[in-house]
Visitor: 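What follows is a single structure, and I will ask about it in a moment.
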Amino acid sequence: MTVMQAPAYRRAEYHGFQAGGGHFVYLVSAGAIFEIDADVRAVLTRLDGQELSHAALVRELSSDGTDPADAEALVRELRAARLIQLGAAAPVMPQAPPADFPLQALVLNVTNQCNLACTYCYEFGADKIATPAGKPKYMTLETAQASVDLLIREAVGRKAVHITFFGGETLMNFKLLRDVVDYANAATAAAGKAITYSLTTNATLLTPEIVTFLSDNRIGVTVSMDGPPELQDKHRVYKNGKGSYAVIEPRLRTLIAHHKTRAITARVTLTEGVTDVVRIFRHLKDDLGFHEVGFAPVTTGEERAYSLDDNGMDSVLAQFSLLADEWLEYALRGESHGFTNVSETISELISGVNKSHPCGAGLGLMGVSPSGDLSPCHRFTDADTHSMGHVSSGIDRAKQGDFLAKGHVEAKYDCQSCWARPLCAGGCHHEAFVRYGDTGHANLHYCDWIRQWTDTCLRIYGVLAVKNPGFLERFAERKGLS
């Protein structure tokens with residue numbers, strides 16, 4: 001006669017941390033953060049490295065003086081909260097979005113031309129995947145209008161949509177940008193939808209007239225910039241090798257002084273020799289006056305002269321931690337700091353995100369090339385192998401489905417045992433393709449970095465939850481309106 005053994009409890013998948021004198025867990029299955037008391041810790045401690053049946057777990061808790069009824073209720077509560085589970089269970093992964101997931105944003109690559117020749121450019125540099133030969137260099141108004149019409153048509157149920165203007169250098173086709181805003185304002189109003197705009201620029205072509213237009217139309221501006229003169233001019237150069245800092249500095253001051261309707265953000269690309277994060281932040285935030293400054297390591301395939309090695313990444317993470325400490329000091333006083341890398345992660349933690357995919361690429365967001373080809377995002381623009389339809393004929397659902405199936409976190413074996421996957425989901429599709437030749441490959445070279453950084457931000461969240469929870473509430477409201 002076979003005796004059936006009762007299923008035993010084990011700890012669910014979570015990441016524990018301490019902050020602000022409190023104990024917390026980040027529950028991976030839900031992307032949620034819980035502060036836990038001594039009673040909960042007692043349960044989790046007992047299940048550390050062992051499994052216990054329901055009866056045995058209640059009995060052990062009762063042996064410490066806990067009322068049996070209270071112990072029974074606590075165990076059931078923790079099971080309902082998914083902090084403990086019965087028996088072995090496969091890692092919990094988020095469901096795939098529905099096939100008819102509505103579009104929310106387009107990135108219009110209004111030109112694939114640029115007046116700079118940045119040495120690390122993913123679009124035109126050594127690791128480029130674009131195949132622009134024989135294609136239009138500038139988007140026409142007809143193509144742009146078809147893009148807007150597609151966005152409205154595919155944004156079923158959306159109350160608001162968004163357009164980002166991109167390049168090349170976006171402002172080389174400013175006339176089109178201006179015409180698109182007029183057309184999109186009218187078209188979305190007729191469809192009963194709101195619309196917002198943003199653009200990315202190298203700032204070399206900014207004029208007072210352009211700044212006034214951007215401010216009047218509440219167009220958010222992100223400036224690609226790498227810091228003070230000697231760092232900016234290391235890679236962000238003209239075709240003749242001349243640096244760009246002296247050209248953009250006065251234009252930036254005009255932009256920041258006169259664009260009053262949206263925050264002005266700097267986006268820094270970190271490369272070999274451009275890793276002095278704190279110094280760069282001080283210059284861009286304090287000297288030039290950017291509202292927010294964000295950093296990202298350069299995207300590279302095989303080893304390039306400008307790529308970051310492990311020592312460079314360790315230095316970057318150490319400096320990120322210094323700025324994160326500053327961010328927390330500001331937040332405890334109820335003030336904004338401006339270090340985007342913390343702000344974005346805290347925003348995701350507040351929202352309880354549990355990503356099926358690293359970002360909205362190919363899902364709620366798509367890129368449009370100057371010719372009207374659709375792609376998963378702006379980083380795949382003009383790459384024939386990643387085309388996903390055309391604005392005139394619509395989205396190619398088969399190609400979209402294939403891209404999203406590859407990119408789902410559940411398809412990435414290495415992610416299934418990682419506690420940080422709700423925020424990361426394997427990392428950037430484009431980075432994966434450049435590095436591994438597969439958009440669905442996990443960005444393994446960043447895994448340790450991501451886990452350390454996520455832990456840092458979780459601890460910031462925990463301190464604020466204990467010492468200034470009102471800031472988290474106000475922060476969530478502000479991010480929702482930005």
Side-chain angles (χ1 to χ4, degrees), residues 95-110 139-166 170 173-200 210 212-222 259-263 265 347-348 350-353 355-357 359-370 372-378 381 388-397 400-401 404 476-482:
Q95 290 185 336
D100 60 351
F101 191 84
L103 198 61
Q104 185 167 23
L106 286 181
V107 182
L108 299 188
N109 282 67
V110 296
M139 182 178 286
T140 65
L141 182 57
E142 180 183 26
T143 297
Q145 290 174 337
S147 302
V148 173
D149 295 343
L150 173 76
L151 175 59
I152 293 171
R153 187 167 64 249
E154 294 290 343
V156 178
R158 300 282 193 191
K159 294 181 179 179
V161 293
H162 184 83
I163 290 176
T164 295
F165 297 102
F166 208 82
T170 312
N173 202 0
F174 176 70
K175 182 181 184 304
L176 176 74
L177 186 155
R178 191 173 51 208
D179 292 341
V180 172
V181 169
D182 289 341
Y183 180 82
N185 284 343
T188 50
K193 298 181 186 296
I195 186 167
T196 54
Y197 305 96
S198 61
L199 70 80
T200 297
I210 290 175
T212 297
F213 176 85
L214 298 176
S215 183
D216 288 349
N217 289 277
R218 294 184 53 82
I219 299 175
V221 179
T222 296
H259 191 322
K260 296 297 186 183
T261 59
R262 293 283 298 277
T265 300
S347 179
E348 291 187 326
I350 291 172
S351 302
V353 299
K355 297 177 181 177
S356 61
H357 293 79
C359 62
L363 188 59
L365 174 146
M366 288 189 176
V368 185
S369 73
D373 285 335
L374 296 170
S375 61
C377 75
H378 57 287
T381 293
M388 206 173 278
H390 191 274
V391 292
S392 62
S393 55
I395 300 168
D396 186 322
R397 297 299 180 186
Q400 180 190 35
L404 293 175
E477 291 170 1
R478 286 200 303 271
K479 294 300 286 184
L481 293 173
S482 63

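Positions are given from 1, in the same order as the sequence printed here. Keep in mind the model is a prediction, meaning the values are calculated, not measured. The figures here come from the full heavy-atom set of this structure, side chains too, leaving out hydrogens, waters and symmetry mates.
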Visitor: Give a yes/no verdict on a cation-pi contact between R397 and F101, requiring under 6.0 Å between NZ or CZ and the six-membered ring centre and an angle within 45° of the axis.
Guide: no
Visitor: Return the CE to CG distance between M388 and L404, rounded to the nearest 0.5 Å.
Guide: 6.5 Å
Visitor: Check whether any side-chain heavy atom of C377 lies under 4.5 Å from a side-chain heavy atom of L365, and answer yes or no.
Guide: yes
Visitor: Roughly how far apart are T140 OG1 and D179 CG, rounded to 0.5 Å?
Guide: 11.0 Å
Visitor: Could you check whether any side-chain N or O of K193 sits under 3.5 Å from a backbone N or O of I152, counting only pairs where one atom can act as donor and the other as acceptor?
Guide: no
Visitor: Within the side chain of Q400, is there an N or O that forms a donor-acceptor pair under 3.5 Å with the backbone of G362?
Guide: yes
Visitor: Give a yes or no answer on whether the side chain of T381 reaches the backbone of H378 with a donor-acceptor pair at less than 3.5 Å.
Guide: yes
Visitor: Could you check whether any side-chain heavy atom of T164 comes within less than 4.5 Å of a side-chain heavy atom of T222, counting everything from C-beta outward?
Guide: no
Visitor: Given side-chain contact (heavy atoms from CB on, under 4.5 Å), test V368 with L374 step by step and report yes or no.
Guide: CA-CA 5 Å; V368 185; L374 296 170; 3.8 Å; yes
Visitor: Under the side-chain contact (heavy atoms from CB on, under 4.5 Å) criterion, do L176 and L108 qualify, and how do the steps go?
Guide: CA-CA 11 Å; L176 176 74; L108 299 188; over 6 Å; no
Visitor: Using modelled atom types only, decide if a donor and an acceptor are shared between the side chain of T261 and the backbone of S215 within a distance under 3.5 Å.
Guide: yes
Visitor: Distance-only, no hydrogens or angles: does the R262 side chain make a donor-acceptor pair with backbone N or O of L214 under 3.5 Å?
Guide: no
